[in-house]
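Owing to the predicted nature of the structure, the values given are computational and were not obtained by experimental measurement. Indexing begins at 1, ligand by ligand and atom by atom, following the structure's order.
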Amino acid sequence: MEFRDLKKQYQVLKPQIDAAVEAVCTNATFIGGAPVKELEREMAEYVGRKHCITCANGTDALLLAEKVYGIGPGDAVFVPDLTFFSTAETVASLGAMPVFVDVDKRTFNIDPAKLEEAIARVTATGELTPRAIVAVDLFGLPADYEKLECIAQKYNLLLVEDGAQGFGGQIGNRRACSFGDIATTSFFPAKPLGCYGDGGAIFTDDDAIAELLRSLCVHGKNGQDKYDNIRLGFNSRLDTVQAAILKIKLKAFREQELDAVNQVAGWYNEALSDLPLVLPMIPEGYYSSWAQYTVQLPDREKRDAVQAALKAQGIPTMIYYPKAMHQQGVFAGIPYENTCPVTQELCGTVLSLPMHPYMEQADVLRVAEALKREFI
Ligand SMILES: *Cc1c(COP(=O)(O)O)cnc(C)c1O
């Protein structure tokens with residue numbers, strides 16, 4: 001059994017993907033080819049934002065989104081303690097201070113009440129300027145943007161949506177990557193919408209920010225002129241081959257994969273309902289793109305034993321994440337540290353099960369049976 005079956009996905013989409021890759025090779029415009037612009041138009045339309053700017057990966061997307069708003073030394077940026085490293089890494093590499101905020105035990109996303117406490121704590125010391133919130137749509141579920149947008153407005157903070165895992169999610173009829181002032185995503189192969197290498201994108205409604213981002217992505221170019229450099233930028237672009245593949249995959253994602261993955265989640269919910277596990281919770285009005293299906297075990301010992309038992313039966317699982325952000329070595333001793341007890345607990349109890357749109361009900365039942373045996 002595969003944790004995320006990218007081989008099967010390729011077999012299903014092979015005729016279109018092979019043709020798309022061949023067309024790019026024949027055309028030989030490997031950087032900045034027509035599929036890049038076409039994909040950006042389709043993505044912007046899909047998520048409901050005016051602009052989509054593709055770039056080299058999801059980490060660059062975050063870095064660029066933060067840099068374009070001038071985040072830097074002296075700024076405090078609030079990030080969830082349970083996330084992939086990039087969320088905090090990009091903040092710190094711009095010289096700003098990541099302030100870790102605990103998450104909600106059921107949604108795994110940043111806890112708005114704890115966020116307000118953290119803002120108050122930073123404000124009280126007067127050493128840093130609270131500047132931004134980077135909210136993460138963990139495991140495919142959008143964060144609580146209704147509350148986060150109010151908090152951002154109340155304290156005059158920039159709100160960044162890190163939608164690397166959230167692409168395809170919804171709150172009501174608003175899609176992931178349309179929340180906050182600016183949003184980012186990743187096309188790393190295992191993400192909800194992945195390409196065949198690295199890739200990322202930034203979404204904004206602001207024309208001036210979009211233009212600045214396009215300049216930053218290509219060495220600080222002046223308008224269309226790559227050899228007139230008016231600022232320091234990066235070399236961060238999505239290759240034409242990746243864009244061509246993503247156009248095919250976006251269509252499959254919209255038309256079939258999102259429904260499929262929600263059906264798989266439904267099968268899991270039903271098959272696991274009698275076990276002493278905390279199952280993922282999707283709040284009313286929310287829709288997940290199920291980057292992960294993550295259950296909570298009673299304690300660390302049990303979690304580790306269950307993971308080993310499943311592995312012995314050929315069932316791969318993952319721990320997202322084994323370490324809280326504030327416990328990462330590079331952030332040791334950082335001021336404004338918050339112990340984030342919920343995140344610490346989750347790091348010891350979470351287990352992500354195999355999950356992808358090509359998973360069959362028989363596979364789900366096999367995972368459920370294996371789990372059941374651990375509780376008899
Ligand atoms: C994967 C991920 C990123 C980074 O994306 P890359 O394309 O791997 O650079 C950022 N944030 C979160 C929450 C992620 O899961």
Pairs under 3.5 angstrom, nitrogen or oxygen on both sides, ligand 1 versus protein: list them out, please.
| residue | atom | partner | partner atom | Å |
| --- | --- | --- | --- | --- |
| ligand 1 | 5 (O) | S186 | OG | 3.3 |
| ligand 1 | 7 (O) | G58 | N | 2.7 |
| ligand 1 | 7 (O) | S186 | OG | 2.6 |
| ligand 1 | 9 (O) | G58 | N | 3.3 |
| ligand 1 | 9 (O) | T59 | N | 2.8 |
| ligand 1 | 9 (O) | T59 | OG1 | 2.5 |
| ligand 1 | 11 (N) | D162 | OD1 | 3.3 |
| ligand 1 | 11 (N) | D162 | OD2 | 2.8 |
| ligand 1 | 15 (O) | Q165 | NE2 | 2.8 |
| ligand 1 | 15 (O) | K191 | NZ | 2.6 |

| request: State which residue, out of L158, N156, T123, fulfils the side-chain contact (heavy atoms from CB on, under 4.5 Å) condition with P130. | output: T123
| said: In this structure, is the centre-to-centre distance between the rings of Y46 and F167 below 6.0 Å? | reply: yes
| So if you build clusters from Ile, Leu, Val, Met, Phe, Trp, Tyr with side-chain heavy-atom gaps below 4.5 Å, do V350 and Y268 land together? | yes
Only distances under 3.5 Å count here; give the side-chain donor-acceptor pairs of residues 134-145 to other protein atoms, sequence neighbours excluded, each with its distance to 0.1 Å.
| residue | atom | partner | partner atom | Å |
| --- | --- | --- | --- | --- |
| D137 | OD1 | A143 | N | 3.1 |
| D137 | OD1 | Y145 | OH | 2.6 |
| D144 | OD1 | K147 | N | 3.3 |

| task | Sort out for me which residue in V12, L6, D5 forms a side-chain contact (heavy atoms from CB on, under 4.5 Å) with Q9. | result | L6
| message | Determine whether F85 and F331 satisfy the following criterion, ring pair (Phe, Tyr, Trp, His ring centres under 6.0 Å), listing intermediate values before the conclusion. | response | CA-CA 11 Å; F85 189 56; F331 295 132; 5.7 Å; yes
